[in-house]
Amino acid sequence: MLILVVNAGSSSLKYQLIDMEGEKVLAKGNCDRIGIDGHISHKTSDGRKLDQDCSFPTHTEAFEKLVEALTTGDASVIKDMSEISAVGHRIVQGAEIFCQTTMVTDEVIDKIDELAELAPVHNHAHALALRACKKVFSADVPQVAVFDTAFHQTMPPKAYMYGIPYEDYEKYHVRKYGFHGTSHRFVSSALAEAMGKDLKDIKVVSCHLGNGSSITAIENGKSIDTSMGFTPLDGIIMGTRSGAIDASAVTFLAKKLGLNADEMSNYLNKKCGFLGVSNISSDNREIYEAIHNGDAKAQLTADMLRYEIKKFIGSYSAIMNGLDAVIFTGGIGENSWEVREGVCTNMDFLGIKIDTELNKTVKGSLTKISVPDSKVEVWVIPTNEELLIARDTLSLISK
Ligand code: ADP
């Protein structure tokens, strides 16, 4: 059975065609520059490629092109789109409405669109893509929505509420939602399998560290707290996002810099983080390159990241009254031994001891990096959000 996984943004449409027998990716690509001009880059698992300038006035033309790329020409992988059994869509914000993976109907698309106020960059684009996909695929191809926020809907009110008037929470839905839920769910279930335990029996801190980063406390198999908040800006320092900052510093800076609310949001999301502190790059690799060249601000950036991750591991161990495993995932978590070592050093009071030599060799492969007598197991687990979306889609359409 073939499932198409779609991750739509306002000007891009990333996709993977997955054969669920063996969970193999047959082809993946990106239709980019939608609404500007248009470009498709498409690649099959056996290395055939299509790179072409196109015309994508809307998401509909991008869907038509991806179907064409999958079914015709040198880089095709299927004969007819009827071979695709279902489409799974990644949706960023499901708020309190969508607590689990959901079959897409017109009503669901309208609700996703209505939530655009809470996720201005993403949800409207998702709704556009969902409507376009319905036009291009026949009505009997089921479509499924998988929400980044759904995994965190199990957080208790004491974790998701902010200290604001309750009526404003009710009126404007301002609360912590959390993101990266699909990734945290994927890696925590992979961890349980690797440890040979039931996820319900272990207390886990999952660190998804990439351009965007979030850390989640998982107890009884459920997210009970997470570092991102109302938006993905909150939590630890990220590539270009500040992470947590005193709200009064935001209003103070807005006045000093003469920025309105939208401009201030742009500043906090795009100009801060590694980029802002180091004044070098938003990319972890370039930060470490600069450290090796003796750059003090790059060193400070790296120190801040490791310190903030440590604080979350400590505080989440406290709220769970224990810790059995820590997961590192995402581009940084899977690849940067320096970040992992920095976080796990001087954590033996908590029962964390890693094999520093082994850790240095691990890049993107599922590996236990803690030593045998470490009370807490530490694992590097590559994430695969697309695969989880495909699995969810398959499981929902099979019901
Ligand atoms: P996104 O959040 O956009 O999905 P990724 O999960 O791909 O991002 O993570 C991107 C980050 O991972 C970048 O900061 C990059 O420097 C870092 N990264 C990727 N590969 C490596 C590597 N080999 N060593 C260190 N850092 C890496």
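Note that these values count all heavy atoms, side chains included, but never hydrogens, waters or copies made by symmetry.
Ring planes of Phe98 and Phe147: parallel class, angle under 30° (limits at 30 and 60°). Using cut-offs of 30° and 60° on the angle between ring planes, the pair His292 and Tyr288 is tilted.
Residues Gln52 and His39 have side chains that never bring a donor and an acceptor to within less than 3.5 angstrom of each other. Side-chain contact check for Asp148 and His180: no donor-acceptor pair (N or O, by modelled atom type) lies under 3.5 Å. A donor-acceptor contact closer than 3.5 angstrom is absent between the side chains of Asp283 and Ser281. In summary, the side chains of Asp303 and Gln299 do present a donor paired with an acceptor at a separation below 3.5 Å, with no hydrogens or angles considered. Between the side chains of Ser374 and Glu377, no donor N or O sits under 3.5 Å from an acceptor N or O.
More than 12 heavy atoms of other residues, nucleotides or ligands sit less than 6.0 Å from atom CG of Asp373. Other residues, nucleotides and ligands contribute only 12 or fewer heavy atoms inside 6.0 Å of the CG atom of Asn321. For Met20, the CE atom sits in a packed shell: over 12 heavy atoms of surrounding residues, nucleotides or ligands are nearer than 6.0 Å. Atom CG of Asp74 has 12 or fewer heavy atoms from other residues, nucleotides or ligands within 6.0 Å. The neighbour count for Glu96 CD, taken as heavy atoms of other residues, nucleotides or ligands under 6.0 Å away, is above 12. With a 6.0 Å radius and a threshold of 12 heavy atoms from other residues, nucleotides or ligands, Asn279 has its CG atom at or below the threshold. Enclosure of atom NZ in Lys14 is not indicated, since only 12 or fewer non-hydrogen atoms of other residues, nucleotides or ligands lie within 6.0 angstrom. Glu263 CD: more than 12 foreign heavy atoms inside a 6.0 Å radius.
Atom NE2 of His42 and atom CG of Leu50 lie 6.5 Å apart (nearest 0.5 Å).
Taking a cutoff of 4.0 Å between a charged side-chain nitrogen and a carboxylate oxygen, Arg306 and Glu338 do not qualify as a salt bridge. Ion pairing between Lys111 and Glu107 holds under the 4.0 Å rule for side-chain N and carboxylate O. Between Lys134 and Asp106 there is a salt bridge, since a side-chain N of the basic residue sits under 4.0 Å from a carboxylate O of the acidic one.
In this structure, the side chain of Asn260 engages the main chain of Asp262 through a donor-acceptor pair within 3.5 Å. Remark: the backbone N or O of Gly210 is paired with a side-chain donor or acceptor of Ser213 at under 3.5 angstrom.
A side-chain contact (heavy atoms from CB on, under 4.5 Å) with Met228 is found for one member of Arg241, His208, Lys176 and no other, namely Arg241. Looking at Val187, Leu191, Thr226, Ile215 one by one, the single match for side-chain contact (heavy atoms from CB on, under 4.5 Å) with Ser206 turns out to be Val187.
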Take Glu308 and Lys311 through the salt bridge (Lys or Arg N to Asp or Glu O under 4.0 Å) test and state the conclusion after the steps.
CA-CA 5 Å; Glu308 292 175 17; Lys311 282 208 292 192; over 6 Å; no
How far apart are the C-alpha atoms of Lys360 and Glu357, what are their side-chain angles, what is the distance that settles it, and do they pass the salt bridge (Lys or Arg N to Asp or Glu O under 4.0 Å) test?
CA-CA 5 Å; Lys360 282 192 179 113; Glu357 286 314 308; 3.6 Å; yes
Could you check Asp392 against Arg185 for salt bridge (Lys or Arg N to Asp or Glu O under 4.0 Å), going step by step and ending with a plain yes or no?
CA-CA 11 Å; Asp392 265 21; Arg185 187 153 61 94; 2.7 Å; yes
List the steps and the verdict of salt bridge (Lys or Arg N to Asp or Glu O under 4.0 Å) for Arg33 and Asp53.
CA-CA 10 Å; Arg33 302 182 60 81; Asp53 288 333; over 6 Å; no
Thr383 and Glu334: side-chain contact (heavy atoms from CB on, under 4.5 Å), yes or no, with the steps?
CA-CA 9 Å; Thr383 194; Glu334 291 167 32; 3.7 Å; yes
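Inter-residue side-chain proximity for Val87 and Ile3 is flagged as unmet; no heavy-atom pair is nearer than 4.5 Å. Side-chain contact check for Phe186 versus Leu387: some heavy-atom pair is nearer than 4.5 Å. In this structure, the side chains of Asp32 and Ile40 stay at 4.5 Å or more apart for every pair of heavy atoms. No side-chain heavy atom of Phe312 sits under 4.5 Å from any side-chain heavy atom of Ile309. Considering only heavy atoms from C-beta on, Ser370 stays 4.5 Å or farther from Asp355 through its side chain. At least one side-chain heavy atom of Ile224 sits under 4.5 Å from a side-chain heavy atom of Met320. Looking only at side-chain heavy atoms (C-beta outward), Tyr166 and Met161 come within less than 4.5 Å of each other. Contact check for Val326 versus Val204: no side-chain heavy atoms found under the 4.5 Å cut-off.
For the pair Arg175 and Tyr160, the cation-pi criterion (under 6.0 Å, within 45° of the ring axis) is fulfilled.
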